[in-house]
Engineer: 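What follows is a structure written as structure tokens; I'll ask about it next.
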Amino acid sequence: MSFFKKLVIALSLSTAMLAVAPSVMAKPLGKIENQKPAETKIAIAATIEQAELTLEAIKAKGDIKDLLVEFKKTKQVAKTNESATTYHLREKALGRLGKARLAYKRGFQEKSVTKMTEAVEIFKKIKVTYEAFMD
């Protein structure tokens, strides 16, 4: 009888694993699979443009709620760049972006401008690096 119980448990576990496997193996939402070079260039340009808009908004000392929205937009646009060549630079720029957001949120506007300027420069470096790689 114990063999029969073990067999039933093993079958139920394997059935449960098969039921879950397709959802686990699916690609994550929002992930761009096999992004084309033209799409990558557009994503990089859009990221630079949005980052510059955010920097100008910081310099203008806008409302904190509006600026937090701008920071989020910049992060979302930056994540559309799926180039493995520039991934490390993108993460570095997003780190600076996060520090700029935190500084602005805490009321340190000058530090926020400094960190956001660094982020914009890194986003521009991403463009140069990607174009050099593609040539």
Engineer: Kindly compute the distance separating NZ (K127) from NZ (K41), expressed to the nearest 0.5 Å.
Structural biologist: 9.0 Å
Engineer: Treating S112 as the side-chain partner and F108 as the backbone partner, does any N or O pair qualify as donor plus acceptor under 3.5 Å?
Structural biologist: no
Engineer: Atom NZ in K59, atom CD in Q109: separation rounded to 0.5 Å?
Structural biologist: 10.0 Å
Engineer: List in chain and number order the residues that pass salt bridge (Lys or Arg N to Asp or Glu O under 4.0 Å) with E52, two or more places apart in sequence or in another chain; answer none if no residue qualifies.
Structural biologist: K124
Engineer: Can you tell me if T74 and T54 form a side-chain donor-acceptor pair at under 3.5 Å?
Structural biologist: yes
Engineer: Looking at T80 and Q76, would you say the former's side chain and the latter's main chain have a donor-acceptor pair under 3.5 Å?
Structural biologist: no
Engineer: CZ of R96 to CD of E121: how many Å apart, nearest 0.5 Å?
Structural biologist: 11.5 Å
Engineer: Which atom pair, heavy atoms only, marks the closest approach of N81 to I44?
Structural biologist: ND2-CG1, 3.7 Å
Engineer: Does anything in residues 60-71 form a salt bridge (Lys or Arg N to Asp or Glu O under 4.0 Å)? List the pairs, not counting sequence neighbours.
Structural biologist: E70-K73
Engineer: Apply side chain to side chain contact (heavy atoms under 4.5 Å, CB included) to the pair K115 and Y104, showing each step before the final yes or no.
Structural biologist: CA-CA 10 Å; K115 293 295 180 184; Y104 196 84; over 6 Å; no
Engineer: Considering only heavy atoms from C-beta outward, does the side chain of T86 approach that of F123 to under 4.5 Å?
Structural biologist: no
Engineer: Might you point out which heavy atoms bring V113 and L55 nearest each other, and give the distance in Å?
Structural biologist: O-CD1, 3.9 Å
Engineer: Are any non-hydrogen side-chain atoms of K79 and L94 less than 4.5 angstrom apart?
Structural biologist: yes
Engineer: Nearest 0.5 angstrom please: I58 CD1 to R101 CZ, how far?
Structural biologist: 11.5 Å
Engineer: Applying side chain to side chain contact (heavy atoms under 4.5 Å, CB included) to T40 and K36, what does each step give before you reach the verdict?
Structural biologist: CA-CA 6 Å; T40 303; K36 294 177 178 57; over 6 Å; no
Engineer: Do L68 and L97 land in one hydrophobic cluster if side-chain heavy atoms of ILVMFWY residues count as linked below 4.5 Å?
Structural biologist: yes
Engineer: Heavy atoms, side chains only, cut-off 4.5 Å: are F133 and S83 in contact?
Structural biologist: no
Engineer: Where do H88 and E91 land on the side chain to side chain contact (heavy atoms under 4.5 Å, CB included) test, with the steps shown first?
Structural biologist: CA-CA 5 Å; H88 68 286; E91 292 305 309; 5.9 Å; no
Engineer: Taking all non-hydrogen atoms of both residues into account, name the closest pair between A93 and I122 and its distance.
Structural biologist: CB-CG2, 3.5 Å
Engineer: Let me know which of Q50, M116, K105 forms a side-chain contact (heavy atoms from CB on, under 4.5 Å) with F71.
Structural biologist: M116
Engineer: If every non-hydrogen atom of V77 is compared with every non-hydrogen atom of T47, which pair is closest and at what distance?
Structural biologist: O-OG1, 3.3 Å
Engineer: In the single-linkage hydrophobic clustering (I, L, V, M, F, W, Y; side-chain heavy atoms under 4.5 Å), do M134 and Y87 co-cluster?
Structural biologist: no
